[in-house]
Amino acid sequence: MPVLTPQQQAIVAAGVARADGGQIYLPLAASAGALGLSVSSVTPRTANLMVDGTLLPVAVRAFNNVPFVPLSALAGLPGTVARLVLAPAPAVTLTRAEQDITFPIRLAQLVPLRARPEFPGVLPK
């Protein structure tokens, strides 16, 4: 089986990104691999990532028994800078150790901006 490059792992992770409660989730293994981080001990709610020689806990959420990590948790890791890229295609780029890894996530499709009605109906439509 061929080994994927970090950028290929980011593309795989973005391809199965999920949204729940307005938050973007990426598969833990592929997104950690893309950023060059190793995963240690995964529980139903947390996982430990080796970041610059230190084990750091991050929240995880399971979708179909696969652990996913919030994009915000990855962006908040020490030494990580996140930026939104709009052209040539929408994406989120995370920079770690002077390496840019682009996750081609279509944020508008995953988390559409919709106004909530001021007075919602009693029964859902």
Side-chain angles (χ1 to χ4, degrees):
M1 180 173 205
V3 176
L4 298 177
T5 67
Q7 187 57 55
Q8 289 170 328
Q9 288 179 322
I11 291 168
V12 168
V16 293
R18 304 279 178 100
D20 187 51
Q23 192 158 9
I24 305 290
Y25 291 88
L26 297 170
L28 177 63
S31 55
L35 296 172
L37 306 172
S38 60
V39 179
S40 132
S41 68
V42 179
T43 70
R45 294 187 183 194
T46 62
N48 288 317
L49 295 177
M50 182 63 75
V51 180
D52 301 327
T54 304
L55 277 177
L56 295 177
V58 293
V60 295
R61 171 134 189 233
F63 293 97
N64 296 328
N65 294 323
V66 176
F68 279 67
V69 62
L71 176 60
S72 59
L74 295 174
L77 292 173
T80 303
V81 176
R83 68 183 181 280
L84 179 63
V85 178
L86 297 175
V92 174
T93 298
L94 298 180
T95 304
R96 280 199 49 72
E98 299 179 17
Q99 182 178 13
D100 290 339
I101 301 297
T102 300
F103 293 83
I105 301 169
R106 296 185 180 275
L107 296 174
Q109 288 178 346
L110 286 172
V111 188
L113 297 176
R114 290 185 217 139
R116 290 185 173 209
E118 186 173 355
F119 300 102
V122 177
L123 299 174
K125 294 180 182 181

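Starting from 1, each residue takes its place in the sequence as its number.
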Value rounded to 0.5 Å, distance of CG in Leu49 from CG in Leu56: 7.5 Å
Interatomic spacing from OG1 in Thr102 to CZ in Arg83 - rounded to 0.5 Å: 7.0 Å
Pairs where residues 70-82 contributes a residue and the test salt bridge (Lys or Arg N to Asp or Glu O under 4.0 Å) is met, not counting sequence neighbours: none
Polar side chain donor-acceptor pair, Ser41 to Asn48, under 3.5 angstrom: yes
Contact summary for Ala13 and Phe103, nearest pair of heavy atoms: CB-CE2, 4.1 Å
From Ser31 atom OG to Ile101 atom CD1, the distance as rounded to the nearest 0.5 Å: 11.5 Å
Nearest-0.5 Å distance that lies between atom CZ in Phe63 and atom CG in Asp20: 5.0 Å
Interatomic spacing from OG1 in Thr93 to CD1 in Ile105 - rounded to 0.5 Å: 9.5 Å
Which residues share a side chain to side chain donor-acceptor pair (under 3.5 Å) with Arg96, sequence neighbours left out: Asp52, Thr80
same_hphob_cluster(Leu94, Leu77) at 4.5 Å side-chain heavy-atom cutoff: yes
Cluster overlap Ile11 with Leu26, hydrophobic side-chain contacts below 4.5 Å: no
Same cluster (ILVMFWY, side-chain, under 4.5 Å), Val42 and Val51: yes
Gln7 to Asp100 - nearest heavy-atom pair and separation: OE1-O, 4.2 Å
Joint hydrophobic cluster, Leu74 plus Tyr25, side-chain heavy atoms closer than 4.5 Å: no
Nearest heavy atoms of Ala91 and Pro104, plus distance in Å: CB-CA, 3.8 Å
Members sharing Met50's hydrophobic cluster (side chains within less than 4.5 Å): Leu55
Which atom of Gln23 lies closest to which atom of Ser72, heavy atoms considered: NE2-OG, 3.0 Å
Verify same cluster id: Ile24, Val85 (apolar side-chain graph, 4.5 Å): no
Verdict with reasoning, Val16 to Val66, per side-chain contact (heavy atoms from CB on, under 4.5 Å): CA-CA 11 Å; Val16 293; Val66 176; over 6 Å; no
